[in-house]
Every structure is written in C-alpha cells, then in structure tokens.
Amino acid sequence: MAYETIKVEIADRRATLTFNRPNVANAMDFQMMKELADCLEFLKDNPEVQILVIKGEGKIFSAGGDIKMMLTSGAPNDFGNIMDYISRMVLALYQLPMITIAQIHGAAAGLGFSLALGCDIIVAEDNSKLAMNFIGIGLIPDGGGHFFMKERVGTTKAKQLIWAGNVMDPQEALDLGLIDYKVEEGESESFVDQLVGKILSSPILAMLETKSILHTQKLSELTSILQLEADGQVRMRKTEDHLEGIKAFIEKRPQQFKGK
Ligand SMILES: C/C=C/C(=O)SCCNC(=O)CCNC(=O)[C@H](O)C(C)(C)COP(=O)(O)OP(=O)(O)OC[C@H]1O[C@@H](n2cnc3c(N)ncnc32)[C@H](O)[C@@H]1OP(=O)(O)O
C-alpha cells in the first residue's frame, strides 16, 4: 500500500513501520493518523508477518499529535474524527498477531508515547525524552495512554505521571517499568535487529498464543478506555486551557491555565 506520512517494509517475517514526517518531529496530523490506522489494520490480516518494529525517521521517534494542526484545524468536534482514527489504530495494534517493538530515539511524546506503550517491547536510546505530556496542552492521554500506563505501572502511579506530564529520561522510565530496554545513543537499530533475530529463532507461535490470551482477556477494557478517552478529549478540546496550552507551545512561552 502507498502511504505519504509513513513507510512500511516487509521482509523475512518482519514488518518495519517508520513514521515519516521528520520535518515536524514526526508529529501526527489527520492524514498520518488515518494512514496509521489503515496500515495497522492491513498488517493485522497479513499472516506472513510475525514481528513489527515501529520507529521514526529523522531526529525524533514521534512528538505525538501535531499541535500546529490543532490550532488551525477549526471546530473542536474535528477531534471526533481524530479519535476514530486513533481507536482504529490502537485496537489494530493491540490485536496484531505478531510481536511488536517500539524503537525510540530522540523523543516519544503524547500520542507517540501512547503508541510506543501499546507495543509489546519498548527500547529507548539513552538520550531520548519520554513524555506522557498531554496535560501540557490541557488534554488527556489518548491512544490508550491511560490503559497502557495503568498496565505498566498501576493506577496510582499512572495517574501521578499523567498529571505531572514530565519529560522522563529512559533510566527513570526503565526503573518504573515503563520501558523494557535502555540502549546507548545511536544503538537502538542494531539492538532491535539483534532482538528480532533472537525472537524469530524462538518458538514464536507459543509466544503469540500467550499474547493472544492476555490481550483477548483485556480487549474489552481497552475498548472501553478508548471510548472514554475519545469523549473526554472532545470535552477538553473545547476548554480555554487547551487553547492556552497550544498557543503557549507555539509561542514558546509558559502556559497560564485558569481551570476553564
Ligand atoms: C490527538 C492528540 C494527540 C497528542 O499527542 S496531544 C500531545 C501533543 N504532543 C505534545 O504535547 C508534545 C510536545 N513536544 C514536546 O514536548 C517536545 O517537543 C519533545 C519532548 C517531543 C521534544 O523536545 P525537544 O527535543 O526539546 O524538541 P523541540 O525543540 O521541543 O521540538 C523540535 C521541533 O518540533 C516541533 N514540535 C515538537 N512537538 C510538536 C508537536 N507535537 N506538534 C508540532 N510540532 C512539534 C517544535 O515546535 C520544534 O519546532 P521548531 O524547531 O520549528 O521550533
């Protein structure tokens, strides 16, 4: 399939999906979200692929939703469409009958970090910035961010991290169990290639059965959280604090939130 905002290569039982808007930190606009949903649904039905690696072109894995698009895209209800794409991509990712690996370098923020957390294995380079920082622009996590954070660190810690919205370094994330491997700067590609080789020479069908059992049992909870996130995000999109958050980001100044 031909895409403009992502690249997909399939060879030797492995698919590699690369975010491809490097000039804007691989921030995701409408088109990219739709292409991601289409691509992950296509991969879901491709029995030749047993491993998916997700990575980013350029300096950053992904900075999440495109904040400049949020300022210019008009009506708050446009988020209804965005949330549909996000639900489609996350449900497809979660149900993929393959081992999924996020290969993070530079930064993974907002929806970019949610998608990484939706992978089975997360590898991050030592210098990368990891941020569940939707709150910085007055939003809540989407892309199943609430679900995946809760799965990895428990409800109380997830809530605290989401509220704080801090940029975390990989050591902190590793200590919390938010990522699985921290590697030296520039080493993620070779590390992931080795990991893929190791997994492909393991009894991968048994690994995939385990994934299927655990994910099938949790699917209704994820589906419910995605709906709650979609409803909540449309509400947050209409707040003054969100508008202030995106303006402050673009103007590179501190936000002044008012609780409205
Ligand atoms: C549906 C909604 C989904 C969501 O995901 S909402 C959440 C959206 N995402 C965010 O709030 C994250 C915002 N970005 C950041 O926090 C930081 O960036 C990073 C931690 C990702 C990286 O920090 P650093 O390495 O210091 O880079 P830099 O100088 O901040 O950014 C490099 C260039 O990338 C642009 N950029 C960064 N994030 C976004 C974005 N999300 N949307 C659009 N542009 C973005 C900046 O403005 C800048 O550009 P210039 O070099 O021209 O100043």
Side-chain angles (χ1 to χ4, degrees), residues 5 19-37 56-90 102 104-118 124-146 148-149 161-170 172-173 178 185 226-239 241-255 257:
T5 63
F19 301 135
N20 194 26
R21 297 187 79 217
N23 295 339
V24 287
N26 291 319
M28 300 177 191
D29 63 357
F30 284 94
Q31 182 183 0
M32 185 162 171
M33 291 184 199
K34 181 175 183 315
E35 290 188 352
L36 278 168
E57 189 68 48
K59 293 187 187 155
I60 281 180
F61 175 81
S62 171
D66 188 329
I67 296 177
K68 287 161 194 165
M69 168 194 77
M70 291 178 206
L71 188 61
T72 55
S73 67
N77 288 332
D78 59 5
F79 257 40
N81 297 330
I82 287 183
M83 291 300 134
D84 287 346
Y85 294 143
I86 292 175
S87 293
R88 278 180 52 208
M89 74 171 88
V90 173
I104 299 175
H105 76 292
L111 180 59
F113 196 33
S114 292
L115 284 185
L117 289 171
E125 288 189 8
D126 210 3
N127 66 328
S128 45
K129 297 172 182 170
L130 306 172
M132 187 51 76
N133 58 351
F134 294 79
I135 198 146
I137 55 167
L139 293 180
I140 57 170
D142 50 38
H146 291 93
F148 296 125
M149 292 281 285
L161 291 171
I162 290 165
W163 282 353
N166 292 334
V167 172
M168 281 174 278
D169 67 53
E172 184 184 357
L178 265 180
E185 185 176 348
L226 285 168
Q227 187 58 56
L228 292 168
E229 287 181 349
D231 295 344
Q233 204 68 297
V234 169
R235 277 194 293 277
M236 293 307 102
R237 175 80 170 144
K238 295 173 183 167
T239 63
D241 281 350
H242 169 58
L243 187 58
E244 163 61 12
I246 54 180
K247 281 185 174 165
F249 180 83
I250 289 164
E251 293 162 14
K252 298 184 191 285
R253 61 168 175 81
Q255 318 93 319
F257 294 126

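In listed order, ligands and their atoms are each counted from 1.
Contact atoms of ligand 1 toward Asp66: 42 (N), 43 (C) (distance under 4.0 Å to a heavy atom of the residue).
Of the heavy atoms in Met28, none comes closer than 4.0 Å to ligand 1. Neither the backbone nor the side chain of Ile250 comes within 4.0 Å of ligand 1, counting heavy atoms alone.
Atom 11 (O) of ligand 1 is approached by the protein to below 4.0 angstrom, counting heavy atoms only. For atom 53 (O) of ligand 1, the protein comes within 4.0 Å by at least one heavy atom. Distances from atom 25 (O) of ligand 1 to the protein include at least one heavy-atom value under 4.0 Å. Under the 4.0 angstrom criterion, atom 8 (C) of ligand 1 counts as having a protein heavy-atom contact. Under the 4.0 angstrom criterion, atom 29 (O) of ligand 1 counts as lacking any protein heavy-atom contact.
For ligand 1, none of its N or O atoms has an N or O atom of Gly64 under 3.5 Å away. For the pair Lys129 and ligand 1, the shortest N or O to N or O distance falls below 3.5 Å. Of the polar atoms of Gln233, none of the N or O atoms is found under 3.5 Å from an N or O of ligand 1, judged by distance alone. For a threshold of 3.5 Å applied to N or O pairs, the pair formed by Ala109 and ligand 1 contains no separation below that value. Checked by distance only, ligand 1 and Phe134 stay at 3.5 Å or farther apart across all their nitrogen or oxygen atoms. Residue-to-ligand polar distances place Ala63 within reach of ligand 1: an N/O pair is separated by less than 3.5 Å.
The backbone N or O of Arg21 lies less than 3.5 Å from no partner atom in the side chain of Glu57, so there is not a single donor-acceptor pair. Between the side chain of Gln255 and the backbone N or O of Gly136, at least one donor-acceptor pair lies under 3.5 Å. Listed for the Asn26 side chain is a donor-acceptor partner under 3.5 Å among the backbone atoms of Ile60. Side chain of Thr239 to backbone of Met236: a donor-acceptor contact under 3.5 angstrom is found. One N or O on the side chain of Glu229 and one on the backbone of Gly144 form a donor-acceptor pair closer than 3.5 Å. Looking only at distances, a side-chain donor or acceptor of His105 sits under 3.5 Å from a matching main-chain atom of Gly58.
We find the CG-CZ distance between Asp142 and Phe134 to be 4.0 Å, quoted to the nearest 0.5 Å. We find the OG-CE distance between Ser114 and Met149 to be 8.5 Å, quoted to the nearest 0.5 Å.
The nearest non-hydrogen atom to atom 4 (C) of ligand 1, considering only Gly106, Gly145, Ala27, Gly65, comes from Gly65. With Asp142, Asn127, Asn133, Leu130 as candidates, the residue nearest to atom 16 (O) of ligand 1 on a non-hydrogen basis is Asn133.
A pairwise comparison of heavy atoms in Ser128 and Ala124 identifies OG-CB, 3.7 Å as the closest pair. Across all non-hydrogen atoms, the minimal contact from Leu226 to Gly143 is CD2-C, 4.1 Å.
Nearest protein heavy-atom contact of atom 48 (C) of ligand 1 is Lys252 NZ, 4.5 Å. Protein heavy atom nearest atom 49 (O) of ligand 1, with residue, atom name and distance: Lys68 NZ, 4.1 Å. Considering only non-hydrogen protein atoms, atom 42 (N) of ligand 1 sits nearest to Ile67 N, 2.9 Å. Scanning the protein heavy atoms around atom 33 (C) of ligand 1, the nearest turns out to be Ala25 CB, 4.7 Å. Nearest protein heavy-atom contact of atom 27 (O) of ligand 1 is Ile60 CD1, 4.5 Å. Protein heavy atom in closest approach to atom 36 (N) of ligand 1: Phe249 CZ, 3.9 Å. For atom 19 (C) of ligand 1, the closest non-hydrogen atom of the protein is Ala107 CB, 4.3 Å.
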When you look at Ile246 and Lys68, which way does the side chain to side chain contact (heavy atoms under 4.5 Å, CB included) test go after all the steps?
CA-CA 8 Å; Ile246 54 180; Lys68 287 161 194 165; over 6 Å; no
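Of the N and O atoms on the side chains of Thr5 and Glu35, at least one donor lies less than 3.5 Å from an acceptor on the other residue.
Side-chain contact between Leu130 and Phe113 is present, with at least one heavy-atom pair separated by less than 4.5 Å.
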